[in-house]
Amino acid sequence: MSTTLRLGDTAPDFEQNSSTGPIKFHEFLGDSWGVLFSHPADFTPVCTTELGYTAKLADEFAKRNVKVLAVSVDDADSHNKWIEDINDTQNTTVNFPILADDDRKVSTLYDMIHPNASATVTVRSVFIIDPAKKVRLIITYPASTGRNFNEILRVIDSLQLTDSHSVATPVNWVDGDDVIIVPSLKDPEVLKQKFPKGFTEVRPYLRTTPQPNK
């Protein structure tokens, strides 16, 4: 029976085999952020490009304290053969595990199989999970559409910034852009202390300020 996960829920723990051996999910994450993302099947063209690009982003994920974990419904032997193809065709080295979800355990826990799209393979789900093991973002793409991993990094930047400062990030924000002060913050002394660079009041509810230091 699948679970409907919502933002703020605790990400379900599991133990599952992978391309690098058995993984206990919460233990694997430790104190890191996590990105768990699913693939319809091994040896599929769109997934091959996605996994190759994710491998190339290793340094970007590392500097944000993020661990990446892919999941596909084939077994570990198949994954390891596929990884050879990914490394060869995408000119990279896959440096993260791919869960072997041939029993559909993880796919079911995370509601990754949508029967009206396909009864046998997963849609392209993405979950961002924080160090407290809470689900912070869920995106679901159709199997035919490759994901934008620059967007996934952008959301991680936003979450990590807004968790530590009283701000939100506006439309199309990228790291370094101005941010928005949360409307609940009204005390002038607190505003002065939190935002020494000052702020622009466009409207009482819309105040922009240079991005605070992380």
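For this chain, numbers begin at 1 and follow the sequence in order.
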Parallel under 30°, tilted from 30 to 60°, perpendicular over 60°: which one fits the rings of F14 and F25?
parallel
Partner set under side chain to side chain contact (heavy atoms under 4.5 Å, CB included) for S144, not counting sequence neighbours
P142
Pair R136 + D163, salt bridge at N-O below 4.0 Å
yes
Quick check: does any side chain N or O of S18 sit under 3.5 Å from a backbone N or O of T20, one acting as donor and the other as acceptor?
yes
Looking at N95, L51, V94, which one forms a side chain to side chain contact (heavy atoms under 4.5 Å, CB included) with N87?
V94
Can you list the steps and then say if N80 with S19 is a side chain to side chain donor-acceptor pair (under 3.5 Å)?
CA-CA 6 Å; N80 283 311; S19 57; 4.7 Å; no
Please list, chain by chain and in numerical order, all residues satisfying salt bridge (charged side-chain N to carboxylate O under 4.0 Å, His left out) with K134, sequence neighbours excluded.
none
As an exercise, state the distance from CG of L99 to CD1 of I23, rounded to the nearest 0.5 Å.
5.5 Å
Atom pair NZ/OG of K194 and S166 - distance to nearest 0.5 Å:
3.5 Å
Would you mind listing the cluster partners of V179? Hydrophobic ones only (ILVMFWY), side-chain contacts under 4.5 Å, chaining allowed.
L161, V167, W173, I181, V182, L185, V190, L191, F195, F199
Looking only at heavy atoms, the pair that brings T10 and L5 closest together is O-CD2, 4.2 Å
Would you list the pairs meeting salt bridge (Lys or Arg N to Asp or Glu O under 4.0 Å) in which at least one residue belongs to residues 48-58, sequence neighbours left out?
E50-R124, E50-R147
So, taking the atom named CD1 in I180 and the one named OG1 in T200, what distance separates them when rounded to the nearest 0.5 Å?
12.0 Å
Around D31, counting heavy atoms of other residues, nucleotides and ligands shown, do more than 12 lie under 6.0 Å from its CG?
no
Residues in side chain to side chain contact (heavy atoms under 4.5 Å, CB included) contact with P131, at least two apart in sequence or another chain:
W33
Pairs flagged by salt bridge (Lys or Arg N to Asp or Glu O under 4.0 Å) wherever residues 64-80 is involved - sequence neighbours left out:
E60-R64, R64-D157
For D102, does its backbone N or O pair with a side-chain atom of R104 as donor and acceptor, under 3.5 Å?
yes
Checking T48 against W82 for the side chain to side chain donor-acceptor pair (under 3.5 Å) test, could you report, in this order, the C-alpha distance in whole Å, the side-chain angles of both residues, the deciding distance, and whether it holds?
CA-CA 8 Å; T48 300; W82 185 28; 3.0 Å; yes
So if I apply the ring-ring contact (aromatic ring centres under 6.0 Å, His included) rule between F37 and each of F149, Y53, F61, which one comes out positive?
F149
